Every structure is written in C-alpha cells, then in structure tokens.
S.K.: 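Mind looking over this structure? Questions follow.
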Protein chains: 2
Amino acid sequence: MTSTDRPAGRPTRQRRAVAEVLESFDDFRSAQEIHGLLTARGQTVGLATVYRTLQRLADADEVDVLRTEEGEAVYRRCSPTHHHHLVCRTCGATVEVEGPAVERWTRAIADEHGYADLSHHLEIFGTCPACLSG
Amino acid sequence: MTSTDRPAGRPTRQRRAVAEVLESFDDFRSAQEIHGLLTARGQTVGLATVYRTLQRLADADEVDVLRTEEGEAVYRRCSPTHHHHLVCRTCGATVEVEGPAVERWTRAIADEHGYADLSHHLEIFGTCPACLSG
DNA sequence: GGCCCATTTGACAATGATTCTCATTACCGC
DNA sequence: GCGGTAATGAGAATCATTGTCAAATGGGCC
C-alpha cells in the first residue's frame, strides 16, 4: 500500500510515445487508431506493443477501457478517481459521472452473496442533447 | 405501433430451434455456446444461421445482448424485469440482482446532462464463495 | 564509459469470433 | 403442387487481438 509497490516496468521510448498520444485526445480511441496516430506522428511503435502498453496501463488503472457496441476495445486516459460513463449512442460524446451510491450498492449486493474481490462496470447509453435537437 | 408491424420473417425450423434453446437457460450464453446446445439437442443449425437469428432477435428486442470483458457477445431471452449481474470471475457463476437505486440514479444523472432514450449496462465481477474457499 | 542480463520490442503467425458469399433449399400464397 | 423469394449452410474472408521468439535496449554496477 506504499508508493513503492508499483510493478512499474521500464520507461521506454515506445511507452512514452503511447502515453503522449493519450494526452492528445479526450475521447475514446481504439488501439488501432492510437497506433495510427503514433505512425502519423512519425513515432514508430509496433502494433503489438501498442496493445501491450494499453493493457498494462489499463491494469494499472491509468486508462479507462470500454467496449463499443461492436465489441471493439477503446481506451482513454482517465482521471484518477473511479467513475462511470454516460455515452451518446449517436455521436459518442462522453461524460464522466461519479456515483458513490452505486459503489455502495454494488458492495452491499456482493457482500450479501458472499462475493469478494470486486470490480464493476457501469455504462449508461443515451442520446445527447446535441443529437436530439440535430 | 399495432401488433401487425412486425417485419417478422419466416418461421423456419432453425428459428424455432434457436427460440426454444433460448428458453432452456436463464443466464447469458455466447452464440457459439448456443450453437453447441443446438447440436447437442440433435438440432442441426448452421453457425451462421445462429448468428443471424440472434441478431434478428436482438434487433427486435426479443433478446438481451451484452459483451463479456473479452468482448464476446452473449445473449439471453429478455426477462420481463430489468436487472443486473453479479458474475464470478473464476467459475462464471451468475446471480441476478435488481437495483431500483441504480435505475433511479442512472436516470437522474442522464437527466442532469440532458441525455434521453436511455439504456445502461451494469455488471459486477468478483470471486464467489465457492471459489474463495476452493 | 562499458558490460551483463532481464525486460521489452517488432514482425509475423495464430487465434477466434463474427460476417460474407453464393449455390442450394424450404416456406408461402396461389 | 408450383414459382419465387427469403432463408440456410459450408466454408472462405475479415478483423481485432494475442502469442512466438529472436533481436534490441535500458539500468545498474564496476
């Protein structure tokens, strides 16, 4: 629980490049798109490495991962606090939302059934105001 | 909006078979598993047809679809009541849970941001009592 | 600075779910 | 029963993702 318990790994050029690209957008992008962005920047990073790096970052909770309705994984750097997403089904606009109530509720439900070592995913899909009026 | 506006399609042996198998379980199953169940029953239905049929049913809102953490699509006949799942990460045991609190919360959050036409997915993952002690 | 060695990378093969293709077959209305 | 259309099946094709393994690289130590 100290600040020294990071499995970390080496700070390589490739990892830095991925981290930088993640700073360059605010919405969710697929691994392939991120790889494309890197290439466009002149940063040569193998696709497999992009996948590995994103996975590592996701494990470390440094990026959010979610699945599009087609099942493709999309990534975005995340804010330090745990939160959920309200996603526009039409244009993809995303709002981060927090829900202490939900956190409490999931814990209570899981306890009730004896489940431990919890995680949860909550995503809300809808149509955003812009798409509604458009 | 009448009962006659179903694009329907033909009631074939295969479609009936898929519909029947969907009645035989209460949790989510992948298209491949469903195909396996059909084969086990002696019902010969092509895999592609299973996919097509499930897709059709999903479009007609006659089955629920969700994605596992690995991105695989899983299907289940719609139960009349909306609920969520508490899934064992190790053995896959699933408990259906209801959460009026969550429903209310998601609606409130969405309203707050002006999103309409909502749906949401909440899944809780953990380790079940059996796997904890095993 | 240079060496040692585990970690990381990259190119490419492999996997696995899903979709497409297209010739064949099965429903439906007549 | 017949004809025509929609549905099916077998397998190829697609596409994201993961595995493989030899080559390259970064860090720590002298």
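Below, each value reflects all heavy atoms present in this structure, side chains not excepted, and no hydrogens, waters or symmetry copies. Numbers restart at 1 for each chain; the letters A, B, ... are given by sequence-line order, proteins then strands. Computed from a prediction, not measured in an experiment: that's the story for all the values here.
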S.K.: Parallel, tilted or perpendicular: which fits the ring planes of B:His84 and B:His120, with parallel below 30° and perpendicular above 60°?
M.R.: tilted
S.K.: Could you encode protein contacts along nucleotides 14-19 of chain C as a string, one character per nucleotide from 5' to 3', using B for base contact, S for sugar-phosphate-only contact and - for no contact, with a heavy-atom cut-off of under 4.0 Å?
M.R.: ---SBB
S.K.: Establish, with yes or no, whether the OP1 or OP2 oxygen of D:dA6 is under 4.0 angstrom from a side-chain nitrogen or oxygen of B:Thr12.
M.R.: no
S.K.: Rounded to the nearest angstrom, tell me the gap between atom CZ in B:Arg15 and atom C1' in D:dA7.
M.R.: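 About 6 Å, once rounded to whole Å.
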S.K.: Sub-3.5 Å donor-acceptor pair from the side chain of A:Thr53 to the main-chain atoms of A:Thr49, do we have one?
M.R.: yes
S.K.: With a 4.0 Å cutoff (strictly under), does any side-chain N or O of A:Arg13 reach OP1 or OP2 of C:dG10?
M.R.: yes
S.K.: Which whole-number value in Å describes the distance from B:Gln14 CD to C:dT24 P?
M.R.: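 The answer, rounded to whole Å, is 18 Å.
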S.K.: Can you tell me whether the side chain of B:Arg52 and the base of D:dG9 have a donor-acceptor pair closer than 3.5 Å?
M.R.: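 Present.
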S.K.: Using a cut-off of less than 4.0 Å, is there contact between a side-chain N or O of B:Thr49 and OP1 or OP2 of D:dA7?
M.R.: no
S.K.: Could you tell me how far apart A:Glu33 (CD) and D:dC15 (C1') are, to the nearest whole angstrom?
M.R.: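 Distance, rounded to whole Å: 14 Å.
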S.K.: Please determine whether any donor N or O and acceptor N or O are separated by less than 3.5 Å between the side chain of A:Arg10 and the base of C:dA6.
M.R.: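 In this structure, the two groups form a donor-acceptor pair.
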S.K.: Over how many whole Å does the gap from A:Arg29 atom CZ to D:dA16 atom P extend?
M.R.: 16 Å
S.K.: Enter the distance from A:Thr94:OG1 to A:Leu66:CG here, rounded to the nearest 0.5 Å.
M.R.: 7.0 Å
S.K.: Mind checking what makes salt bridge (charged side-chain N to carboxylate O under 4.0 Å, His left out) contact with A:Glu20, not counting sequence neighbours?
M.R.: A:Arg41
S.K.: Between atom CG of A:Leu37 and atom CD of A:Gln43, what is the distance when rounded to the nearest 0.5 Å?
M.R.: 11.5 Å
S.K.: To the nearest 0.5 angstrom, please state how far the CD1 atom of B:Ile124 sits from the CZ atom of A:Arg107.
M.R.: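 Here the rounded value is 11.0 Å.
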